[in-house]
Amino acid sequence: MKQETIDRIRRFTTDRDWDRFHSPANLAKSISIEANELLECFQWSDTDCDLEHVKEELADVIVYCQDMLDKLGLDVDEIVMNKMEKNEAKYPMEKSKGSAAKYDAL
């Protein structure tokens, strides 16, 4: 995410004095709620969706994720790269390419 976008998210929260409501638990709940609103966009069809609505709900998830990164003092690149390393070990290309099987079934 661009620094300009991160700064705007942070300014939005700061300007409204909302940081005091952003406990990790509250942010985790908010991420889950918004993710479910994103899922609702596909409730009756896997392919027919309102793309503008999808973009709004996805943005809500991303904003709350950035808030949680800030609250916990985490670096998005670091945690994603660490997770990708674990995923690559769990799902080696030679076993998982073209397969939707879970790692323990490869």
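Below, all heavy atoms of this structure are taken into account, side chains as well, without hydrogens, waters or symmetry copies. Everything quoted here is computed from the prediction, not taken from an experiment.
Under a hydrophobic-cluster definition in which Ile, Leu, Val, Met, Phe, Trp and Tyr are linked whenever side-chain heavy atoms come within less than 4.5 Å, directly or via other members, L72 and I31 are assigned to the same cluster. I62 and L74 end up in different hydrophobic clusters when Ile, Leu, Val, Met, Phe, Trp and Tyr side chains are linked at under 4.5 Å. The hydrophobic clustering, which links ILVMFWY residues whose side-chain heavy atoms are closer than 4.5 Å, places V61 and L51 apart. Tracing side-chain contacts under 4.5 Å through hydrophobic residues (I, L, V, M, F, W, Y), one never reaches V76 starting from V63; they form parts of separate clusters. Both M84 and I79 belong to a common hydrophobic cluster when Ile, Leu, Val, Met, Phe, Trp and Tyr are linked at side-chain heavy-atom distances under 4.5 angstrom.
Annotation: the span from E34 atom CD to K29 atom NZ amounts to 14.5 Å, rounded to 0.5 Å. L39 contributes atom CG, which lies 10.5 Å from atom OG of S32 (distance to the nearest 0.5 angstrom). Atom CG of N26 and atom CE of M68 lie 9.0 Å apart (nearest 0.5 Å). Taking CG from L58 and CD from E37, the interatomic distance works out to 12.5 Å, rounded to the nearest 0.5 Å. We find the CG-NZ distance between L38 and K55 to be 13.5 Å, quoted to the nearest 0.5 Å.
Side-chain contact between M1 and I9 is present, with heavy atoms from C-beta onward closer than 4.5 Å. You'll find the side chain of L69 stays beyond 4.5 Å of the side chain of I6, heavy atoms only. Counting heavy atoms from C-beta outward, C41 and D50 have side chains that stay 4.5 Å or more apart.
Atom CZ of R10 has more than 12 heavy atoms from other residues, nucleotides or ligands within 6.0 Å. Within 6.0 Å of CG in D17 there are more than 12 heavy atoms belonging to other residues, nucleotides or ligands.
With sequence neighbours left out, E57 forms a side chain to side chain donor-acceptor pair (under 3.5 Å) with H53. Listed by chain and number, the residues in a side chain to side chain contact (heavy atoms under 4.5 Å, CB included) with E4 amount to none (sequence neighbours excluded).
Residues near M81 contribute nothing to a hydrophobic cluster around it, because no ILVMFWY side-chain heavy atom sits closer than 4.5 Å to its side chain. Other members of the hydrophobic cluster containing W18, listed by chain and number, are F12, F21; membership follows side-chain contacts under 4.5 Å among ILVMFWY residues, whether direct or relayed.
Side-chain contact check for E40 and N36: no donor-acceptor pair (N or O, by modelled atom type) lies under 3.5 Å.
Note on residues 71-87: pairs passing side chain to side chain donor-acceptor pair (under 3.5 Å), not counting sequence neighbours, are D19-K71. Counting only residues at least two apart or on different chains, no side chain to side chain donor-acceptor pair (under 3.5 Å) pair has a member in residues 94-106.
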